[in-house]
2 protein chains.
Amino acid sequence: MNSLVEENYLKALFSLSNGDGEVNVNDLSKHLEIKMPTVTSMMKKLAAKKLVHYKSYKPLRLTARGRKEAALVIRKHRLTEMFLVEKMGFGWEQVHEIAEQIEHIKSPIFFSKMDELLDYPKFDPHGSPIPDINGKITGKAYRKLSECNEGDTVKMAAVINTSDEFLKFLNSREIHLGLKIKINSVEPFDHTMVVSYENHLSESLSHMVCERLLVEKE
Amino acid sequence: MNSLVEENYLKALFSLSNGDGEVNVNDLSKHLEIKMPTVTSMMKKLAAKKLVHYKSYKPLRLTARGRKEAALVIRKHRLTEMFLVEKMGFGWEQVHEIAEQIEHIKSPIFFSKMDELLDYPKFDPHGSPIPDINGKITGKAYRKLSECNEGDTVKMAAVINTSDEFLKFLNSREIHLGLKIKINSVEPFDHTMVVSYENHLSESLSHMVCERLLVEKE
DNA sequence: TAATTTTGTTAGAACACTCTAACTTATTAG
DNA sequence: CTAATAAGTTAGAGTGTTCTAACAAAATTA
Ligand SMILES: [Mn+2]
Ligand SMILES: [Mn+2]
Ligand SMILES: [Mn+2]
Ligand SMILES: [Mn+2]
């Protein structure tokens, strides 16, 4: 059984893993806001538990077991977020902090009950895929809104790096998952996009914003 | 802000407090399954935080602040149990262990949302009163079934010291809160009661069981 | 009352997790 | 290719929570 602290390290390792699955101590340290020596010693501990491949001065990699256990924590996090939104009436900008705590509850039945009540959801309220009970993730490859072109019509599929303020901004513009957005024009200078959707006929979205919106082509 | 561990000590102190509000280190130690020296040092820490009155070799007493903070943890515990039963479909024998963990979640809005969704419940699934947001408890004085007499008809109001096995036993006899029970006879030798209710015309309940059932006189 | 048992405290240590300071290895810039 | 910078490690310490061993006080028994 992993501790709350270990679970948070595993989750961070997982989400910082790119294509090659490598993570730098430094990046992990910054992401968790925990100093590098502390991270190093925790990596040795997780290596002893066969959850991380650790070699001095080399990038970190989760083992297959580590990846699975990380995915199961992420599963609990995302199921919780979905439950909070769908069954308790929270806004999508309110649920991350609560899920950050509830993901550590030790009670398989608690999460399987959530799963059942939600009718086995595939995505969390921010559009991120919910890993299955074996830790397998079946994620679609969405594209960033910022990479789309003038004239495209796209559908909102997910948001990246979901901070409170960003989600509140989206709320203020009535941007939500499933929304159909038409790209009217792209400013060549700063990549600001002018888009229209529903009763918003001309809304400007900065490049920062468009980088954080994942969409599907129609 | 109290830690998870401190919250568990406060809760234990509260529930071990009798009329005079005094608790022995030894009883607390046994209740928490934590050795006495550890308890002593935690009591000094809680005393430094003005949550406990501590004098060497004297019984422990919660301060007014300590009592309030304990009641607020118990509030979170009981709200959670009620939510798990009423909104998630758990049995009353399943919820205590989960609530033991969720009571430590730091998120006022999470618990106030539960309270709202449950329409401000006054009792938990075991009949224990839920303290209000100020830590005030308005508990009725029920009586033990074991103290009632032959011929009495009573209504199930609460269960004491709710263990898994005990609640499963009650389930197996279809005994639940609100149930009307008639006492047919009391065995003078061992105080076993023969009772009837609903479609159970003659059910024997040992003294141990009757000691743990709280009832209201009709 | 005196001996014994129970209850409670002190001292010292261990484990989990965190930090700063100092050092080493790897990467980047000139 | 060196010099400077960035990344990573080691050593040593601190906080929170727990333990065992030894001792002291209080309560109980004889
Ligand atoms: Mn989240
Ligand atoms: Mn977390
Ligand atoms: Mn309970
Ligand atoms: Mn608890």
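The sequence lines fix the lettering, A, B, ..., with proteins before strands; numbering per chain opens at 1.
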### Message
Need one value for B/Ser29: base, sugar-phosphate or nothing, where a base atom within 4.0 Å counts as base even if backbone is also close, heavy atoms only.
### Response
nothing
### Message
Using a strict threshold of under 4.0 Å (side-chain N to carboxylate O), is an ion pair present between B/Asp132 and B/Arg75?
### Response
no
### Message
Output the rounded distance in Å from NZ (A/Lys49) to C1' (C/dC15).
### Response
13 Å
### Message
In this structure, how many angstroms lie between the C1' atom of D/dT9 and the NZ atom of A/Lys58, rounded?
### Response
14 Å
### Message
Is it the case that the side chains of A/His77 and A/Asp124 hold a donor-acceptor pair, with the cut-off being a distance below 3.5 Å and no angle test?
### Response
no
### Task
Give the nucleotide from the list C/dG8, D/dT9, D/dT18 with an atom nearest to the side chain of B/Thr38.
D/dT18
### Side chain of B/Ser41 - closest among D/dG8, D/dT18, D/dA11
D/dT18
### Message
Does D/dT10 have OP1 or OP2 under 4.0 Å away from a side-chain N or O of A/Tyr57?
### Response
no
#### Entry: Option from A/Arg78, A/Lys76, A/Lys11 for which salt bridge (Lys or Arg N to Asp or Glu O under 4.0 Å) with A/Glu103 holds
A/Lys11
### Query
With sugar-phosphate meaning primed atoms plus P, OP1 and OP2, does A/Lys44 contact a base, only sugar-phosphate, or nothing at under 4.0 Å between heavy atoms?
sugar-phosphate
### Query
Starting at CG of A/Asn24 and ending at P of C/dT25, how long is that distance when rounded to a whole Å?
19 Å
### Task
Look at B/Tyr9 and D/dT18 and indicate whether a side-chain polar atom (N or O) is within less than 4.0 Å of OP1 or OP2.
yes
### Query
Backbone N or O of A/Ser3 within a donor-acceptor pair of the A/Glu6 side chain at under 3.5 Å?
yes
### Message
A cation-pi test, strictly: NZ or CZ of B/Arg67 under 6.0 Å from the centre of the six-membered ring of B/Phe14 and no more than 45 degrees from its axis. Yes or no?
### Response
no
### Message
Under 4.0 Å, heavy atoms only, any strand: does B/Ser56 hit a base, just the sugar-phosphate, or nothing?
### Response
sugar-phosphate
### Query
For the pair made of CE in B/Met36 and P in D/dA21, what is the distance, rounded to whole Å?
14 Å
### Task
Whole angstrom is fine here: how far is it from CE in B/Met43 over to P in D/dT18?
10 Å
### Task
Starting at atom NZ of B/Lys35, determine the distance to atom C1' of D/dA22, rounded to an integer number of angstrom.
17 Å
### Query
For the pair made of CG in A/Leu32 and P in C/dC19, what is the distance, rounded to whole Å?
10 Å
### Message
With a cut-off of less than 4.0 Å, is there a side-chain N or O of A/Thr40 near OP1 or OP2 of D/dG8?
### Response
no
### Summary
By nearest-nucleotide position on DNA chain D, the 5'-leaning member of B/Pro37 and B/Met42 is B/Met42
### Query
What is the distance, rounded to the nearest whole Å, between atom CD1 of A/Ile34 and atom C1' of D/dT15?
15 Å
